[in-house]
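FYI, side chains are in, hydrogens and waters are out, and symmetry mates aren't considered; it's all heavy atoms of this structure.
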Amino acid sequence: MYRILEARNLAGNIYEMVVEAPFVSRRCLPGQFIIAKLDEEAERIPLTICDYDREKGTITIVFQPVGVSTHKYVSLHEGDSFEDFVGPLGVPSDLCTEPLEEVKKKKILFVAGGVGTAPVYPQAKWLHEHGIECDVIIGAKSKDFVILEDEMSKVANVFVTTDDGSYGRSGMVTKCIEDLIAEGHEYDHCVAIGPMIMMKFCCLTTKKYGIPTIVSMNPIMVDGTGMCGACRLIVGDEIKFACVDGPEFDGHKVDFDAAMKRATLYKTDEGRAMLKYQEGETHHGGCGQCGGDK
Ligand code: NAD
Ligand code: FES
C-alpha cells in the first residue's frame with residue numbers, strides 16, 4: 001500500500017497529493033509518470049510526476065477530478081492509501097538526459113497551461129538545481145486557477161497570464177509568448193504542457209519564430225501501459241504511443257487535430273471499433289477491449 005502523506009486543494013477543482021513511494025522517488029526523472037490504482041476494482045490512472053523527494057521517499061501528484069476514480073481521489077485524506085502506485089513510467093524529459101553543457105547553452109521557455117503547470121514544475125526545478133535558469137509562462141483562466149506560482153518563482157523567472165486579465169498579464173499563453181518576444185526575450189527551446197488545444201496553438205506560435213517546441217501528450221493516455229491504444233498519435237510520418245514512446249514529443253511534428261479527433265472517438269465502443277477498423281494492426285498493443293476485436 002502507498003500511504004498518502006498530504007492531500008490539499010490547490011485551486012478551483014485542482015488537487016495535490018504527496019504519496020509515500022520510495023521505489024518511484026529513487027528512480028524517477030522529470031517528464032515521467034506513475035499509474036495510480038485506488039483498490040482492486042478501480043481503474044488505472046496515469047498521472048505525470050509533479051515533484052519528488054528522494055530522501056523522504058515521496059512523489060507529488062496533481063489531478064483534476066474528471067471520471068469516477070479521480071472524483072474518489074478528492075475524498076482521500078492523509079493516512080489513506082493507494083493499492084498500486086507504479087512507476088516511474090515513460091521517457092524522461094530530454095532536458096534532463098541531454099549533456100548538461102548542451103542544455104546550458106539553451107534559452108528555455110516553458111509554457112504551463114492550467115493543470116499543466118504541475119508537470120512543468122519538476123523540469124524547471126531540475127534545471128535550477130543544475131544551475132540553469134529558465135522562463136516560465138503560467139496561464140490560467142482567472143486568478144483563482146493559478147497554481148504553484150510561489151513554488152515556480154523559487155526556481156524560474158515566472159510570467160503569469162490570465163485569460164480574463166484578473167491577475168498578472170492579460171490573455172492566453174500564446175499572446176504572452178508573442179509579448180515576451182516583442183519585449184526582447186530570446187528563446188531557442190520551448191516546452192509547452194497543458195490542454196491539447198493550448199499545445200497546438202503554442203506550436204503554431206513558436207513555429208513562426210523557429211523555436212523548437214516539446215509537448216507532453218499525457219492528456220490522451222488512458223491505461224498507460226501500451227496496451228489499450230488510446231494514446232496512439234501521429235508524429236511526423238510515424239505512429240507513436242504516448243505512454244511508451246513519450247509522453248514528450250516534438251510538438252511541431254505532432255498532428256494535434258488527428259489526436260484530438262481520435263480522443264473523442266475513443267470514448268465510445270462504436271468509436272473504438274471504427275478506429276480498430278481504420279487503423280488495423282497499428283491500432284493498439286492488444287488489449288482486446290475495443291469492439292473491433294470481437
Ligand atoms: P485551461 O482550459 O484553464 O487552459 C489553460 C491555459 O491554456 C489557458 O489559461 C490559456 O492560456 C491556454 N489556452 C487554452 N486554450 C487555448 C487556445 N485555444 N490557444 C492558446 N492558449 C490556450 O486548462 P485546465 O482546465 O487547467 O486544463 C485541463 C486540461 O489540461 C485537461 O485536458 C488535461 O488533460 C490537460 N493536462 C495536460 C497535461 C499534459 O501533460 N499535457 C498535464 C495536466 C493536464
Ligand atoms: Fe493505453 Fe498508451 S495509454 S496504449
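- When all heavy atoms are compared, the tightest approach of Pro119 to Cys50 is N-SG, 4.1 Å.
- The shortest non-hydrogen separation linking Thr206 to Cys190 is CG2-SG, 4.0 Å.
- In this structure, the side chain of Ser75 does not engage the main chain of His71 through any donor-acceptor pair within 3.5 Å.
- Listed for the Asp257 side chain is no donor-acceptor partner under 3.5 Å among the backbone atoms of Met260.
- Remark: the Asp223 side chain and the Thr225 side chain contain an N/O donor-acceptor pair separated by less than 3.5 Å.
- Glu83 places a side-chain N or O within 3.5 Å of a backbone atom of Glu40 that can act as its donor or acceptor partner.
- In summary, Lys107 and Asp135 do not engage in a salt bridge, as defined by a charged side-chain N under 4.0 Å from a carboxylate O.
- Proximity of Met217 to Met196: side-chain heavy atoms (C-beta onward) are separated by under 4.5 Å at one or more points.
- Residue pairs that meet the salt bridge (charged side-chain N to carboxylate O under 4.0 Å, His left out) test with at least one member in residues 240-252, sequence neighbours left out, are Glu238-Lys240.
- A salt bridge does not link Glu151 to Lys154: none of the charged nitrogens lies less than 4.0 Å from a carboxylate oxygen.
- Panel note: side chain Thr60, backbone Thr58; no donor-acceptor pair is recorded below 3.5 Å.
- Residue Glu129 places its CD atom among more than 12 non-hydrogen atoms of other residues, nucleotides or ligands, all under 6.0 Å distant.
- Remark: side-chain polar atoms of Arg54 are paired, donor with acceptor, to backbone N or O of Cys28 under 3.5 angstrom.
- Nearest heavy atoms, His252 versus Pro212: CE1-CA, 4.1 Å.
- Side chain of Asp84 to main chain of Asp39: no donor-acceptor pair is present (N/O by atom type, distance under 3.5 Å, no hydrogens or angles).
- Rounded to the nearest 0.5 Å, atoms NZ (Lys37) and CD1 (Ile45) are 11.0 Å apart.
- Screening Val24, Ile35, Ile49 for a side-chain contact (heavy atoms from CB on, under 4.5 Å) involving Leu89 leaves a single residue, Ile35.
- In this structure Tyr15 satisfies the ring-ring contact (aromatic ring centres under 6.0 Å, His included) test together with Phe63, sequence neighbours excluded.
- The shortest distance between side-chain heavy atoms of Tyr121 and Val155 falls below 4.5 Å.
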- Message: Walk me through whether Tyr73 and Phe82 qualify under ring pair (Phe, Tyr, Trp, His ring centres under 6.0 Å).
- Response: CA-CA 10 Å; Tyr73 289 7; Phe82 286 98; 5.1 Å; yes

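- Enclosure of atom NZ in Lys143 is not indicated, since only 12 or fewer non-hydrogen atoms of other residues, nucleotides or ligands lie within 6.0 angstrom.
- Considering every non-hydrogen atom in both Arg262 and Gly229, the closest pair reads NH1-O, 2.8 Å.
- Around the NZ atom of Lys106, the shell of radius 6.0 Å holds more than 12 heavy atoms that belong to other residues, nucleotides or ligands.
- Note on Lys208 versus Glu178: salt bridge recorded, some NZ/NE/NH1/NH2 to OD/OE distance being below 4.0 Å.
- Nearest heavy-atom pair, Met199 versus Ile193, reported as atom, atom and distance to 0.1 Å: SD-CA, 4.1 Å.
- Closest non-hydrogen pair, Val62 versus Ile147, comes out as CG1-CD1, 4.5 Å.
- Using modelled atom types and a 3.5 Å distance limit, the side chains of Ser216 and Asn218 yield no donor-acceptor pair.
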